[in-house]
Undergrad: 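Here it is, the structure in full.
All values below come from the heavy atoms of this structure, side chains included, with hydrogens, waters and symmetry mates left out. Residue numbers begin at 1 in each chain, while the letters A, B, ... track the order of the sequences.
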Protein chains: 2
Amino acid sequence: MKLSTRSTYGLRAMMAVAMDGSSGPVMVKEIAERHQLPANYLEQIMTPLRKGGLLAATRGAHGGYKLARAAQEITVREILETLEGSLELVECNEVACCGMQPDLCAVKDLLCEASRAMVEVLAQVTLADIVERQREKEAVSSALMYVI
Amino acid sequence: MKLSTRSTYGLRAMMAVAMDGSSGPVMVKEIAERHQLPANYLEQIMTPLRKGGLLAATRGAHGGYKLARAAQEITVREILETLEGSLELVECNEVACCGMQPDLCAVKDLLCEASRAMVEVLAQVTLADIVERQREKEAVSSALMYVI
DNA sequence: CAATAACATACTAAACTGATAGGAAAACAT
DNA sequence: ATGTTTTCCTATCAGTTTAGTATGTTATTG
């Protein structure tokens, strides 16, 4: 059930674009270097994010990626679903289940309920929220460093 | 993020043992036939359930599986974690994260929160609950069949 | 026109998934 | 005792996914 590196790298990349994007587009190379990720692989991950309408790219010299929408308008759920597909444990929308007789459906209902609880948490947090939380963490961390 | 067939088969098997186990141990062959599952494959799935302390087996003629504990004492969480490993999206217990600097940790915290919301739902439902819900569903279903 | 950076595609090793197959060991019946 | 039954154990396999490398193409800037 662990999230793939694809998803975690993609999430990191979205955060990086959101945090560093104020001074023009952010290059894949930058993100890769700063976060110690394989640049070519990261490029492949950017593609679905772009095609999914989360990132906008400009090519050529001084090009790079920026957010396609405001960070407040992008939820973590959206990012993960773009990279991972549905986050649900079973096909919750399917009417039929286990052929004709609804054998497993009590289980299926539960699994749907469980995954929806998870998705709900992810849907309520935007990229802007995450960036803010991260900045707070970093502020606290460097304050502690100073004390020590 | 879909659950593997391994887990759903295993869950079905646990339900089958719980429902049919009153009249002695339940054979893999029975479960496989009734639920249209590959018997050999299902056998492999029984092993971790037995070793995980959820099922008890008796070999030989008229052997089979029974629950190692009362159905009220077995949660769906336990069953799934036995089959699937941890259900969390990331290693929530790890202190370190992304090397020295806590880069992704705001994200990690969120992912932990989300997976815990899911696990919490699964932890609050026992095999006995599922069996009861299933019986209700089947009762309603056959009542409807009768009307039609 | 040259440099730059996204874009696209092909390839690969390793792991995982969902099985199938066959035999060994234990319990039971005759 | 012997044969049947059923769990138990191991090997094998085809297909898919994951994570990554490598390389070349296209668009933009200077």
Undergrad: To the nearest angstrom, how far is L42(B) atom CG from dC8(D) atom P?
TA: 12 Å
Undergrad: For residues 17-28 of chain B, pull every pair meeting side-chain hydrogen bond (donor to acceptor under 3.5 Å, both in side chains), keeping only residues two or more places apart or in separate chains.
TA: D20(B)-R34(B)
Undergrad: Looking at DNA chain C, which of residues 64-71 of chain A put a heavy atom within less than 4.0 Å of it?
TA: G64(A), Y65(A)
Undergrad: Rounded to whole Å, how long is the line connecting atom CD of E84(A) with atom C1' of dT18(D)?
TA: 11 Å
Undergrad: Can you list every disulfide (SG to SG under 2.5 Å) pair that touches residues 35-76 of chain A, not counting sequence neighbours?
TA: none
Undergrad: Under 4.0 Å between a side-chain N/O of R50(A) and OP1 or OP2 of dC7(C), yes or no?
TA: yes
Undergrad: Counting side-chain heavy atoms from CB outward, which of dA8(C), dT7(D), dA5(C) is closest to T47(A)?
TA: dA8(C)
Undergrad: Between P on dC8(D) and CD1 on I45(B), what's the gap in Å once rounded to a whole number?
TA: 14 Å
Undergrad: Grab the NZ-P distance between K29(A) and dA6(C) for me, whole Å please.
TA: 10 Å
Undergrad: Would you be so kind as to tabulate the donor-acceptor pairs closer than 3.5 Å made by side chains of residues 38-46 of chain B, with sequence neighbours excluded?
TA:
none

Undergrad: How does protein reach along nucleotides 18-30 of chain C, written 5' to 3' as B (base within reach of a heavy atom under 4.0 Å), S (only sugar-phosphate), or - (no contact)?
TA: BBBB---BBBS--
Undergrad: Quick test of your reading: applying side-chain hydrogen bond (donor to acceptor under 3.5 Å, both in side chains), list the pairs with at least one residue in residues 58-67 of chain A, sequence neighbours left out, ordered by first then second residue.
TA: none
Undergrad: Quick one: L49(B) CG to dT7(D) P, roughly how many Å, whole number?
TA: 14 Å
Undergrad: Between C1' on dA5(C) and CD on E30(A), what's the gap in Å once rounded to a whole number?
TA: 11 Å
Undergrad: Thinking salt bridges, do E132(B) and K137(B) make one under a 4.0 Å N-O criterion?
TA: no
Undergrad: Restricting to salt bridge (charged side-chain N to carboxylate O under 4.0 Å, His left out), what partner residues turn up for R135(B), sequence neighbours left out?
TA: none
Undergrad: Can you list the residues that meet the side-chain hydrogen bond (donor to acceptor under 3.5 Å, both in side chains) rule with S86(A), with sequence neighbours excluded?
TA: K2(B)
Undergrad: Go through the structure and list residues passing salt bridge (charged side-chain N to carboxylate O under 4.0 Å, His left out) with E81(B), not counting sequence neighbours.
TA: R77(B)
Undergrad: Quick one: list whatever passes side chain to side chain contact (heavy atoms under 4.5 Å, CB included) with S7(A), sequence neighbours left out.
TA: L3(A), S4(A), L80(A), L83(A), E84(A)
Undergrad: Write down the protein N/O and nucleotide N/O pairs, taken from nucleotides 14-17 of chain D, whose separation is under 3.5 Å; answer none if there are no such pairs.
TA:
none

Undergrad: If I take atom CE from residue M118(B) and atom CG from residue L111(A), how far apart are they, to the nearest 0.5 angstrom?
TA: 9.5 Å
Undergrad: What donor-acceptor contacts under 3.5 angstrom involve side-chain atoms of residues 122-131 of chain A, with partners at least two apart or in another chain?
TA:
{"unit_1": "Q124(A)", "atom_1": "NE2", "unit_2": "E120(A)", "atom_2": "OE2", "d": "3.1"}
{"unit_1": "T126(A)", "atom_1": "OG1", "unit_2": "A128(A)", "atom_2": "N", "d": "3.3"}
{"unit_1": "T126(A)", "atom_1": "OG1", "unit_2": "D129(A)", "atom_2": "N", "d": "3.1"}
{"unit_1": "T126(A)", "atom_1": "OG1", "unit_2": "D129(A)", "atom_2": "OD2", "d": "3.2"}
{"unit_1": "D129(A)", "atom_1": "OD2", "unit_2": "T126(A)", "atom_2": "N", "d": "2.9"}

